[in-house]
Amino acid sequence: MNISVFGLGYVGAVTSSCLAQRCNSVIGVDVDERKLELIRLGRSPIVEEGLNELIGAMVKAGKISVTSDCAEAVKHSDLSIVCVGTPSRPNGSLDTTHVERVCQQIGEAIRQKGAYHSVVIRSTVLPGTTLGVVQPILEAATGGAMGEAFGLSMNPEFLREGTSIRDFDDPPYTIVGTECEGEFERVAKLFADIDRPIHHVSVHTAEAVKYACNLFHAVKITFANEIGAVCKGLGVDARAVMELVCQDQKLNISPRYLRPGFAFGGSCLPKDLRAFTYAGRQTDAAIPMLNGMLQSNRDQIEAVARRVMAHGCRRIALLGLSFKPGTDDLRESPLLSLAERLIGRGYDVRIADPSVKYAALHGANKRYIEQELPHLRRLLTSPRRAIIDADLIVVGHHTPEIMEALENLEDDQRVFDLVGVSDFTANEVKTDGLYW
Ligand SMILES: NC(=O)c1ccc[n+]([C@@H]2O[C@H](COP(=O)([O-])OP(=O)(O)OC[C@H]3O[C@@H](n4cnc5c(N)ncnc54)[C@H](O)[C@@H]3O)[C@@H](O)[C@H]2O)c1
């Protein structure tokens with residue numbers, strides 16, 4: 001394939017040379033003459049392990065050429081990959097000026113060329129940018145429609161500086177977001193020799209995955225440092241602690257607890273978070289992330305309560321009450337807090353939780369429920385009974401009994417799903433969740 005790569009910085013230089021190595025003919029485009037000159041001389045414009053040698057070999061083999069002439073690059077290629085920078089503005093917002101400018105130029109060049117051309121956004125851009133900003137620019141500049149004059153896709157980059165060639169050859173996966181027919185196949189072909197999964201997703205998902213991944217990395221580092229800050233104050237070596245945290249690949253380094261849906265609760269997480277952050281205050285540890293977590297969790301419960309109320313239904317079935325399925329522990333259950341809020345605001349709530357038998361509650365659990373939800377005995381019923389005549393069913397647990405009850409919903413009943421079972425039903429019941 002003939003490819004043009006716009007922007008020859010960290011991402012563009014690596015992308016160009018790694019694609020050239022895969023038998024593609026690559027034309028690199030940049031506005032920085034110094035970078036172009038270095039590549040012409042067969043040298044890397046950036047410091048990156050192995051890149052000098054790779055670019056040298058590719059230039060020598062005639063597989064990479066460079067230019068500052070956008071029209072020439074588009075004319076002699078079938079597909080353009082946009083790798084220009086997307087820096088922060090002083091207020092923190094994303095500056096897409098370079099992406100916009102380069103796509104304007106690419107669009108004009110496609111119009112001149114008069115043939116279909118694929119455009120791939122590899123720069124990191126916020127969800128909505130590719131279809132909301134880039135697509136209109138390309139349509140105005142080409143004078144044609146997406147899918148007819150040009151193809152458009154979003155293909156985020158996951159390389160890390162310092163190991164970028166290795167990361168290019170061995171990514172976690174390849175993500176291609178596109179709504180244009182044939183574009184997924186065209187872009188996937190670029191990475192055909194890489195033995196990793198290739199996911200065809202929506203453009204918005206492709207844009208968002210890149211942010212979610214980078215932010216997760218940032219959360220992990222911040223988490224390790226904040227645990228370290230408190231440990232230091234308590235005289236504990238955080239390296240040994242985090243080493244063991246990482247060894248638990250069942251609950252810690254795993255997909256567990258990484259599904260959006262609802263708040264955490266129970267007898268341990270909130271209590272332990274309070275105790276640890278209190279210890280942090282006593283030792284003057286700077287732990288803003290840990291300190292913000294309980295508030296964030298309360299906000300989730302409030303957000304669900306607001307969304308439930310926004311449905312405008314009076315009769316509500318709440319399926320699930322304890323902090324997770326399979327236990328009758330009601331202490332600090334977010335579903336209980338939700339029930340409290342709804343009942344307090346006058347909603348007619350029926351509650352079903354097969355694990356919670358009122359007569360069997362005792363000890364701290366019983367005291368907690370008597371204090372927080374004294375009418376529970378009257379409200380508790382079976383899942384099947386709870387949903388009869390309910391206008392809205394809030395699904396808080398995913399258990400066989402609850403799923404079975406959900407099979408018999410009436411078409412005018414609505415479901416608010418907190419656990420991601422949205423596709424449980426083939427009938428016409430309207431379902432939504434907090435984050436989908
Ligand atoms: N650096 C990384 O490790 C990394 C990893 C993944 C994703 N990303 C994302 O990739 C994008 C590029 O990052 P980078 O670090 O390579 O940026 P960079 O600043 O190193 O390179 C951007 C290049 O684009 C060029 N450019 C600007 N306007 C241009 C135009 N109109 N025409 C042609 N070239 C133009 C610049 O001269 C520069 O050489 C960003 O959105 C970034 O967030 C970066």
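First listed ligand is number 1; within each ligand, the first listed atom is number 1.
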Phe216 six-ring face occupied by Lys220 cation (under 6.0 Å, within 45°): yes
Could you tell me the residue and atom name of the protein heavy atom closest to [atom], and the distance to it rounded to 0.1 Å?
atom                    : result
atom 32 (N) of ligand 1 : Val102 CG2, 3.5 Å
atom 11 (C) of ligand 1 : Val84 O, 3.4 Å
atom 24 (O) of ligand 1 : Gly7 CA, 3.4 Å
atom 22 (C) of ligand 1 : Gly85 N, 3.5 Å
atom 4 (C) of ligand 1  : Val11 CG2, 3.5 Å
atom 36 (C) of ligand 1 : Asp30 OD1, 3.5 Å
atom 9 (C) of ligand 1  : Thr124 OG1, 3.3 Å

Identify, by atom number and element, the atoms of ligand 1 in contact range of [X], meaning under 4.0 Å from any of its heavy atoms.
X     : value
Val29 : 33 (C), 34 (N)
Thr86 : 40 (C), 41 (O), 43 (O)
Lys35 : 38 (C), 39 (O)

Flag for Gln104-Glu100: side-chain donor and acceptor within less than 3.5 Å: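 The criterion, which ignores hydrogens and geometry beyond distance, is not satisfied for Gln104 and Glu100.
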Any side-chain donor near an acceptor of the partner, Glu207 and Thr130, under 3.5 Å: yes
For atom 21 (O) of ligand 1, the option (of Gly9, Cys213, Cys70) bearing the nearest heavy atom: Gly9
Stepwise salt bridge (Lys or Arg N to Asp or Glu O under 4.0 Å) test for Asp237 and Lys232: CA-CA 6 Å; Asp237 184 341; Lys232 172 81 177 163; over 6 Å; no
Output field: ring centroids Phe264/Tyr257 closer than 6.0 Å: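 Distance test on ring centres: not under 6.0 Å, no.
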Pair Phe150 + His117: ring centers closer than 6.0 Å: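 Not close enough - the centres of the two rings lie 6.0 Å or further apart.
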Close approach, Arg160 and ligand 1, non-hydrogen under 4.0 angstrom: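 No, Arg160 has no heavy atoms under 4.0 Å from ligand 1.
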Whether His200 and Phe184 hold their rings parallel, tilted or perpendicular, with breakpoints at 30° and 60°: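 Answer is parallel, since the angle falls under 30°.
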